Amino acid sequence: MVRVRFAPSPTGYLHLGNARTALFNYIYAKHTGGKIVLRIEDTDRERSKKEYEDMLIDDLKWLGIEWDEGPDVGGEYAPYRQSERTEIYKEYVEKLKESGHIYKCFCTPEELEEERKKAMAEGRPPRYSGKCRNLSPEEIKKLEEEGKPYVWRFRVPDGEYIVFEDLIKGTVEINVDEFGDFVIVRSDGSPVYNFVVVVDDALMKITHVIRGEDHLSNTPKQILIYRALGFQEPKFAHLPIILGEDRSKLSKRHGAVSVRAFRDDGYVSEAMFNGLALLGWHPKGDNEVLSKEEIIAEFDIEDVHNAPAVFDRAKLKWLNGVYIREKLDIDDLTRRAVPFFEGFGYRADLEYYKKVMKAIRDSIETLMDIEERAKPFFVDDFHYSEDGKKFLEDENGYKVVQLFYEKIKDMDDITKEDFKKITKEIQKETGIKGKGLFMPIRVALTGETSGVDIATLVEVIGIERVKHRIKRALEYFG
RNA sequence: GCCCCCGUCGUCUAGCCAGGCCUAGGACACCGGCCUUUCACGCCGGCGACACGGGUUCGAAUCCCGUCGGGGGCACCA
């Protein structure tokens with residue numbers, strides 16, 4: 001039984017990179033019929049906040065990712081918050097003490113910093129020298145009596161090579177001399193990340209660790225801990241990281257990179273899911289627009305590309321447009337659009353929103369575009385654009401609008417067909433056609449020279465508002 | 001500085017592991033055309049890449065080596 005996990009730190013919004021990692025874990029679990037657990041890595045007390053955890057969970061759910069075990073749903077291997085597992089960690093630290101895998105190190109941060117600098121200057125990897133590795137019991141006793149603080153370090157075997165098969169990278173081989181004895185327990189008694197991850201993953205029976213490539217160099221340290229504790233090592237899969245346009249790791253300075261930001265910017269979750277899955281993975285066929293189910297069915301972790309990927313905003317936007325105009329059901333789409341309509345101050349009932357969405361869905365890429373595109377359906381006292389004014393300042397243009405008003409002023413209802421009939425009549429009577437005919441009417445009704453289909457607009461906003469807008473234009477340009 | 005990972009159109013990628021089917025396929029973006037009362041949508045077309053240099057081979061995007069380039073990591077952060 002495959003068991004994977006997603007283990008974010010609640011230190012901010014759900015980042016695109018993390019979201020992608022979560023997504024691949026989820027897809028892999030579903031594809032293999034396995035389970036996925038959500039674990040909150042909140043050992044960094046300074047930065048971790050409960051509200052961030054809630055937002056993380058909210059964003060994950062919005063994306064369409066569900067988990068079988070986690071802090072909110074519980075599970076066989078609870079608790080799922082690292083801050084609630086300190087007793088467990090203590091127990092395993094004891095084991096390492098007993099087996100002699102870790103030792104006390106009294107070096108001060110200043111001394112270590114000094115060592116690091118020196119090593120770098122001499123072209124050696126900046127690693128701990130192993131100074132306290134062989135302190136005699138007497139020396140240790142003395143230092144402790146002096147009240148000197150200490151950390152516990154892992155005794156890394158000299159010159160050993162750690163080799164593991166990464167599902168994405170292939171065989172990875174690292175000489176442990178590169179990092180030297182690393183810290184397991186801080187001077188305040190708290191265990192360090194590399195240690196708790198191993199304990200948690202092992203105890204939670206995680207079989208596949210799928211995470212970002214930035215963890216690749218942590219892996220040998222973790223493997224050492226797995227072995228020291230007698231745990232079975234899981235399989236590893238390191239996902240290529242996501243880069244910004246400048247080819248550095250995607251971060252806040254690349255603009256909106258949180259799932260929340262995209263959600264707020266009018267992206268729909270299905271497009272996000274699809275788009276994120278396409279970052280480093282590609283379906284067999286040419287069709288890239290795939291549902292969650294299709295992705296799950298086709299996904300294979302070994303097909304993940306192994307080079308870092310620059311995040312393509314334009315493509316995600318295009319994908320979002322595809323979902324808006326082709327994939328989502330109109331009622332569903334309308335429901336999701338409501339907060340946006342309201343946010344723009346466009347007030348109406350659901351039926352009206354639906355008509356508007358029907359009219360504009362083909363021309364928007366995000367729900368944010370509703371502001372511009374739906375404006376004519378809601379705003380009556382608009383400004384006339386400079387380009388637009390020309391059509392009404394024109395004699396023929398004004399005449400067309402005048403005539404149009406004559407024809408509708410006694411109507412108490414208007415449909416698309418009525419509108420077409422009327423414009424046809426005007427064309428016959430005046431000989432004006434094409435742009436010369438439609439533009440003045442468009443400008444009179446919307447103030448702009450481009451936008452939604454006028455016949456549709458007229459039908460949706462209704463005869464009274466049409467009359468009002470035409471009269472207004474006639475007065476304005478008369 | 002050291003270690004590790006990576007290198008196909010501007011971007012995401014297919015092909016690479018099992019060399020000929022590749023005059024390298026698709027998608028986004030861009031450009032042009034068509035459709036259309038406008039803008040969009042849609043449709044059609046175009047532009048555009050195997051980083052470089054050596055091998056191996058009858059034959060290399062595919063295998064090997066080197067160079068260059070990019071990225072990640074080197075914490076008492078996760």
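Please read these numbers as outputs of a predicted model, since none were measured by experiment. Proteins get letters first, then strands, A, B, ... in listed order; numbering begins at 1 in each.
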Taking the six-membered ring of [Y] (Phe, Tyr or Trp), confirm whether the NZ or CZ of [X] is under 6.0 Å from its centre and within 45° of its axis.
{"X": "A:Lys221", "Y": "A:Phe179", "answer": "yes"}
{"X": "A:Arg153", "Y": "A:Tyr128", "answer": "yes"}
{"X": "A:Lys104", "Y": "A:Tyr150", "answer": "yes"}

Provide the distance between the two [atom1] atoms, one in [N] and one in [M], to the nearest whole Å.
{"N": "B:C21", "M": "B:C16", "atom1": "P", "answer": "12 Å"}
{"N": "B:C74", "M": "B:U62", "atom1": "C1'", "answer": "34 Å"}
{"N": "B:U11", "M": "B:G70", "atom1": "C1'", "answer": "15 Å"}
{"N": "B:G26", "M": "B:C63", "atom1": "C1'", "answer": "27 Å"}
{"N": "B:C50", "M": "B:G25", "atom1": "C1'", "answer": "13 Å"}
{"N": "B:A78", "M": "B:C17", "atom1": "C1'", "answer": "34 Å"}
{"N": "B:G20", "M": "B:G15", "atom1": "P", "answer": "13 Å"}

Nucleotide paired to [N] in any strand shown, Watson-Crick or G-U, under 3.5 Å:
{"N": "B:A27", "result": "B:U11"}
{"N": "B:C34", "result": "B:G42"}
{"N": "B:G69", "result": "B:C6"}
{"N": "B:C21", "result": "none"}

Counting just side-chain N and O atoms, does [X] come under 4.0 Å of either OP1 or OP2 of [N]?
{"X": "A:His305", "N": "B:A14", "result": "yes"}
{"X": "A:Lys420", "N": "B:U37", "result": "no"}
{"X": "A:Arg313", "N": "B:C28", "result": "no"}
{"X": "A:Arg211", "N": "B:A78", "result": "no"}
{"X": "A:Asn306", "N": "B:G7", "result": "yes"}

Donor-acceptor pair (no angle test) under 3.5 Å: A:Glu288 side chain, B:G26 base: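 Side chain to base: pair present.
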
[Y] and [X] side chains, donor-acceptor separation under 3.5 Å:
{"X": "A:Asp42", "Y": "A:Gln82", "value": "no"}
{"X": "A:Asp200", "Y": "A:Tyr77", "value": "no"}
{"X": "A:Asp181", "Y": "A:Tyr103", "value": "yes"}
{"X": "A:Asp418", "Y": "A:Thr415", "value": "yes"}

Rounding to a whole Å, what distance do you find between [X]:[atom1] and [N]:[atom2]?
{"X": "A:Asn320", "N": "B:C12", "atom1": "CG", "atom2": "C1'", "value": "17 Å"}
{"X": "A:Trp281", "N": "B:A14", "atom1": "CH2", "atom2": "P", "value": "11 Å"}
{"X": "A:Ile162", "N": "B:C4", "atom1": "CD1", "atom2": "P", "value": "14 Å"}
{"X": "A:Asp200", "N": "B:A78", "atom1": "CG", "atom2": "P", "value": "12 Å"}
{"X": "A:Leu243", "N": "B:C5", "atom1": "CG", "atom2": "P", "value": "18 Å"}
{"X": "A:His238", "N": "B:G73", "atom1": "NE2", "atom2": "C1'", "value": "11 Å"}
{"X": "A:Phe182", "N": "B:G73", "atom1": "CZ", "atom2": "C1'", "value": "15 Å"}
{"X": "A:Leu16", "N": "B:C12", "atom1": "CG", "atom2": "C1'", "value": "14 Å"}

Assign [X] to base, sugar-phosphate, or nothing according to its heavy-atom contacts below 4.0 angstrom with the strands shown.
{"X": "A:Asp214", "answer": "sugar-phosphate"}
{"X": "A:Gly280", "answer": "sugar-phosphate"}
{"X": "A:Lys249", "answer": "sugar-phosphate"}
{"X": "A:Thr11", "answer": "nothing"}
{"X": "A:Ser187", "answer": "base"}
{"X": "A:Asn175", "answer": "nothing"}
{"X": "A:Arg153", "answer": "sugar-phosphate"}

Candidate nucleotides [options], ranked by approach to the side chain of [X] - the nearest:
{"X": "A:Ile241", "options": "B:G72, B:C6, B:A14", "answer": "B:G72"}
{"X": "A:Lys284", "options": "B:C6, B:G15, B:G71", "answer": "B:G15"}
{"X": "A:Asp312", "options": "B:U11, B:U38, B:U13", "answer": "B:U11"}
{"X": "A:Lys169", "options": "B:C5, B:U11, B:G71", "answer": "B:C5"}
{"X": "A:Val151", "options": "B:C76, B:A29, B:A14", "answer": "B:C76"}
{"X": "A:Val172", "options": "B:G71, B:C4, B:A78", "answer": "B:C4"}
{"X": "A:Lys435", "options": "B:G71, B:A27, B:U38", "answer": "B:U38"}
{"X": "A:Tyr193", "options": "B:A78, B:G73, B:C76", "answer": "B:A78"}
{"X": "A:Lys315", "options": "B:G71, B:A78, B:A27", "answer": "B:A27"}
{"X": "A:Ala314", "options": "B:C28, B:G7, B:A78", "answer": "B:C28"}

Salt bridge check, A:Arg133 against A:Asp158: does any charged N sit closer than 4.0 Å to a carboxylate O?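 Yes, this pair counts.
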
5'-most by nearest nucleotide on RNA chain B - A:Leu216 or A:Gly285: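 Checking each residue's closest nucleotide, the 5'-ward one belongs to A:Leu216.
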
Report the residue (A:Leu279 or A:Glu178) whose heavy-atom-nearest nucleotide on RNA chain B is the more 5′ of the two.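 Taking each residue's closest nucleotide, the earlier one in sequence belongs to A:Glu178.
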
Would you call A:His215 stacked on B:A78, i.e. ring centres under 5.5 Å apart with the planes less than 30° off parallel?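 A stacking contact exists, since A:His215 sits close and nearly parallel to the base ring of B:A78.
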
Aromatic rings A:Phe231 and A:Tyr92: how do their planes relate, parallel, tilted or perpendicular, breaks at 30° and 60°?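 It falls in the tilted class, 30° to 60°.
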
With rounding to the nearest 0.5 angstrom, report the CZ to OH distance, A:Arg469 to A:Tyr405.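 Those atoms lie 15.0 Å apart.
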
In B/S/- notation, 5' to 3', how is nucleotides 39-48 of chain B contacted by protein heavy atoms closer than 4.0 Å? BSSS------

Near A:Lys235 NZ, under 6.0 Å, is it more than 12 heavy atoms from other residues, nucleotides or ligands?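 Atom NZ in A:Lys235 is not packed in, count stays at 12 or less.
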
So, does A:Arg361 use its side chain to make a donor-acceptor pair with the main chain of A:Leu328 at under 3.5 Å?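 Pair found, side chain donor or acceptor close to backbone of A:Leu328.
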
